[in-house]
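Step one of this worksheet: look at the structure below.
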There are 2 protein chains.
Amino acid sequence: MNIHDIAKLSGYSAATVSRVINNRKYVSDDAKLAVQKIIKEYDYVPNDVARDLSKGKTHNIGVVMPYTKHPYYTGIINGVMDAAFPAGYRIVLLPSMYDADVEMNYLNRLRRKAYDAIIFTSHGVTLDDLLEYQKYGSIVCCHDPGNYDISAAYTERIDSYLKAFTWAKAQNVKKVAILLSRNFELSATSQLTRKAFIKIFHHEPLESLLRTDVITYSDGYRSAQSFYKNNVTPDLIFANGDDVATGARQFYLDHHLPIPTLIGQENQLSGQLLNLPTIDHNFHEIGRLAFELAIGDETKQVSVASRFILRNQNDHN
Amino acid sequence: MNIHDIAKLSGYSAATVSRVINNRKYVSDDAKLAVQKIIKEYDYVPNDVARDLSKGKTHNIGVVMPYTKHPYYTGIINGVMDAAFPAGYRIVLLPSMYDADVEMNYLNRLRRKAYDAIIFTSHGVTLDDLLEYQKYGSIVCCHDPGNYDISAAYTERIDSYLKAFTWAKAQNVKKVAILLSRNFELSATSQLTRKAFIKIFHHEPLESLLRTDVITYSDGYRSAQSFYKNNVTPDLIFANGDDVATGARQFYLDHHLPIPTLIGQENQLSGQLLNLPTIDHNFHEIGRLAFELAIGDETKQVSVASRFILRNQNDHN
DNA sequence: ACTTGACCTGGAACGCGTTTCAGAAATTAA
DNA sequence: TTAATTTCTGAAACGCGTTCCAGGTCAAGT
């Protein structure tokens with residue numbers, strides 16, 4: 001049962017049926033009634049895929065996310081979803097594990113018109129790749145693209161990083177551990193953390209106090225464990241998430257060791273519970289903005305400042 | 001640039017080009033080479049939407065989720081995603097807020113071939129509706145569908161509920177508060193909680209100790225607050241999530257009141273941190289199974305038992 | 001030598017809705 | 001009463017890839 005069948009049955013043409021369905025002007029009441037009657041009688045619904053094909057638009061937005069459990073990505077996705085839903089767009093989840101081939105495949109799906117736009121919460125492919133594929137559809141990334149002409153919605157982190165390290169320095173900490181998702185070469189965010197650190201502490205982060213590929217509570221725990229095994233005892237752990245910081249804390253607790261000062265990120269529940277200082281990067285808002293850019297047609301960059309939230313980890317309960 | 005253009009340029013027909021692209025048999029080496037040359041030269045990629053249209057398949061699975069932040073839904077979605085990704089399927093997020101109209105719209109999109117299948121992590125529409133729409137595509141729900149012939153992947157909860165309440169009773173608690181997402185009429189899961197409660201305590205849950213629409217940490221906090229305002233002091237709070245239990249706990253803590261015994265659910269980080277007894281419903285596995293059912297063609301039900309995890313909330317740190 | 005079957009290839013139909021364009025009919029304006 | 005609009009309507013083309021079927025070639029089997 002397709003639009004042509006309905007046309008035949010109602011005695012009008014497919015064009016007229018289409019007009020009725022999309023209730024457009026230039027249809028007589030007679031025609032409208034007759035067509036609606038047949039549509040109802042045969043319980044006809046138009047085929048979305050065919051519609052997408054002829055309109056050249058799918059109302060699908062792909063969201064590439066390296067990891068599925070990381071609060072960064074899920075936070076952004078919630079923001080995207082909350083904006084996309086009322087606008088009649090749906091979001092398609094595209095896990096990538098930072099695999100450039102997989103991400104390339106998604107970019108090609110953009111070319112193939114499977115999505116109207118793609119939002120990269122983070123990416124393994126290069127900015128040059130993104131630039132190159134921009135001609136096939138709207139592409140938005142979620143970090144500062146520098147001087148690349150690529151749409152981006154991102155968090156302006158430097159101020160809160162500086163604030164956090166400044167506060168840390170005032171606590172008179174010496175040995176600062178830094179836990180990151182990705183290393184300095186791969187991640188602009190990590191690079192930013194490094195820069196802020198250097199600005200405040202006037203030296204490079206110590207290799208021995210650096211850990212990458214840290215994402216979860218367990219990773220935090222393991223990081224602390226590895227510090228312990230290597231006989232390094234940080235007096236501050238700057239973690240990339242409250243859950244991570246909490247995991248590290250747990251290691252020291254379990255082994256009856258003094259707990260270093262902790263700074264988390266993402267303003268997660270664990271941080272609230274333990275009253276850890278944290279940095280809120282406003283991911284929900286970033287998601288919202290990324291969506292707006294995705295459906296808009298200008299290439300532009302928007303940013304939101306993140307916020308250092310000072311709490312005292314010693315007076316939690 | 002479409003397949004017909006490539007056909008013309010290569011001197012072969014669209015049919016042959018299609019065969020080359022999908023590398024099927026019955027294409028001469030000459031033809032293959034000539035076509036591939038043109039494809040490369042013009043950097044042609046086929047249009048996915050057109051392909052979907054003619055194949056009648058999108059490789060998209062819709063996942064309906066009432067709330068976007070609830071661990072139940074996100075857990076299932078992660079399971080679906082982890083299974084869908086290697087199988088070449090993508091998942092489309094469909095938020096519903098339990099709105100039957102919205103969900104109906106999604107079901108109609110299934111009819112319209114926008115998705116190959118829909119997984120309802122939970123639903124506001126009736127099982128009769130699902131039954132009715134099954135003829136338009138695979139539909140999977142995530143709770144026990146009773147004697148409805150609908151595919152389902154769900155958690156068998158009754159045993160662990162009984163275990164939890166049995167343990168609770170052994171703690172000699174009298175006033176049991178129950179925090180739920182949805183009320184008994186609306187939710188089969190809530191109903192199950194009620195049944196288990198009655199079986200162990202031999203009476204209906206007390207109205208005054210019942211709260212619904214409780215989902216987050218803050219909701220848990222507010223629930224405890226409302227008990228306090230109404231002068232009811234539960235000695236056990238059976239929450240629908242560890243975060244919720246944690247929220248309730250926080251209220252008592254903040255007001256220097258004795259903390260009731262807590263039982264959480266979902267085995268969340270907060271519960272681990274505070275060493276709360278919890279019930280793990282294996283949502284990840286449910287998601288995986290739901291996906292298998294979604295792409296399979298038989299209608300069947302599979303279940304996984306949930307697990308009561310006993311921990312002692314008093315010896316946390 | 002003759003049948004059989006595997007191998008190639010392309011025209012045309014199919015999946016299905018939208019849109020353009022041209023022509024006809026009915027109003028309104030002048 | 002013309003001229004100029006506006007309203008309807010449908011045929012056909014379009015978006016684009018897939019597949020069926022018919023027709024032809026060529027090597028293997030008897």
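Since this is a predicted model, take the numbers as computed values, not measurements. In the text below, chain A, chain B and the rest are named by the order of the sequence lines, each starting its count at 1.
Rounding to whole angstrom units, NZ of residue A:Lys55 and P of C:dT18 are separated by 6 Å. Regarding B:Lys8, its NZ atom lies at a distance of 13 Å from the C1' atom of D:dC16, rounded to whole Å. Distance A:Ile3 CD1 to D:dA12 C1': 15 Å, rounded to the nearest Å. Here C:dG15 presents its C1' atom at 9 Å from CG of A:Leu53, a figure rounded to the nearest Å. In this entry the distance linking CG of B:Asp48 with P of D:dG15 reads 18 Å, nearest Å. In this structure, A:Asn47 places its CG atom 13 Å from C1' of C:dT18, rounding to the nearest Å. Rounded to whole angstrom, the span from the CG atom of B:Asp5 across to the C1' atom of D:dG15 amounts to 12 Å. For B:Ile6 and D:dG17, the CD1 to P distance is 9 Å, given to the nearest whole Å.
Tested against B:Tyr148 for a side-chain contact (heavy atoms from CB on, under 4.5 Å), the candidates B:Thr126, B:Leu127, B:Leu130 yield a single pass: B:Leu127. When each of B:Val63, B:Ile139, B:Val140 is checked for a side-chain contact (heavy atoms from CB on, under 4.5 Å) with B:Phe120, only B:Ile139 meets the rule. A side-chain contact (heavy atoms from CB on, under 4.5 Å) with A:Ser122 is found for one member of A:His70, A:His143, A:Met65, A:Arg182 and no other, namely A:Arg182.
For the OP1/OP2 pair of C:dC16 and a distance below 4.0 Å, the side-chain nitrogens and oxygens of A:Arg51 include no atom meeting the criterion.
If you check the side chains of B:Asp149 and B:Thr299, you find no donor sitting under 3.5 Å from an acceptor. For the residue pair A:Tyr133/A:Arg111, the side-chain donor-acceptor check at 3.5 Å is not satisfied. Looking only at atom types and distance, the side chain of B:Arg90 has a donor-acceptor partner in the side chain of A:Tyr115 under 3.5 Å away.
Within a 6.0 Å radius of NZ in A:Lys40, other residues, nucleotides and ligands contribute 12 heavy atoms or fewer. The number of heavy-atom neighbours closer than 6.0 Å to CG of B:Asn147, taken from other residues, nucleotides and ligands shown, is 12 or below.
Across its full length, the helix from C:dA1-D:dT30 to C:dA30-D:dT1 shows an angle of 30° between the axes of its 5 terminal pairs at either end, rounded to 10 degrees.
Looking at residues 11-27 of chain B, you'll see B:Ala15, B:Ser18, B:Arg19, B:Asn22, B:Arg24 sit with a heavy atom under 4.0 Å from some atom of DNA chain D. Less than 4.0 Å separates DNA chain C from at least one heavy atom of each of the following residues of residues 28-40 of chain B: B:Ser28, B:Ala31.
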Q.
Using the rule given for ring pair (Phe, Tyr, Trp, His ring centres under 6.0 Å), can you reason through B:Tyr98 versus B:Tyr67, listing the C-alpha separation, both sets of side-chain angles and the distance that settles it, and then say yes or no?
A. CA-CA 8 Å; B:Tyr98 282 122; B:Tyr67 304 110; 5.7 Å; yes
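One finds the CZ atom of B:Arg109 at 6.5 Å from the CG atom of B:Asn105 (value rounded to the nearest 0.5 Å).
The main-chain N or O of A:Arg157 is never found under 3.5 Å from a side-chain atom of A:Thr155 such that the two would form a donor-acceptor pair.
Nearest-nucleotide positions on DNA chain C for B:His4 and A:Pro46 put B:His4 closer to the 5' end.
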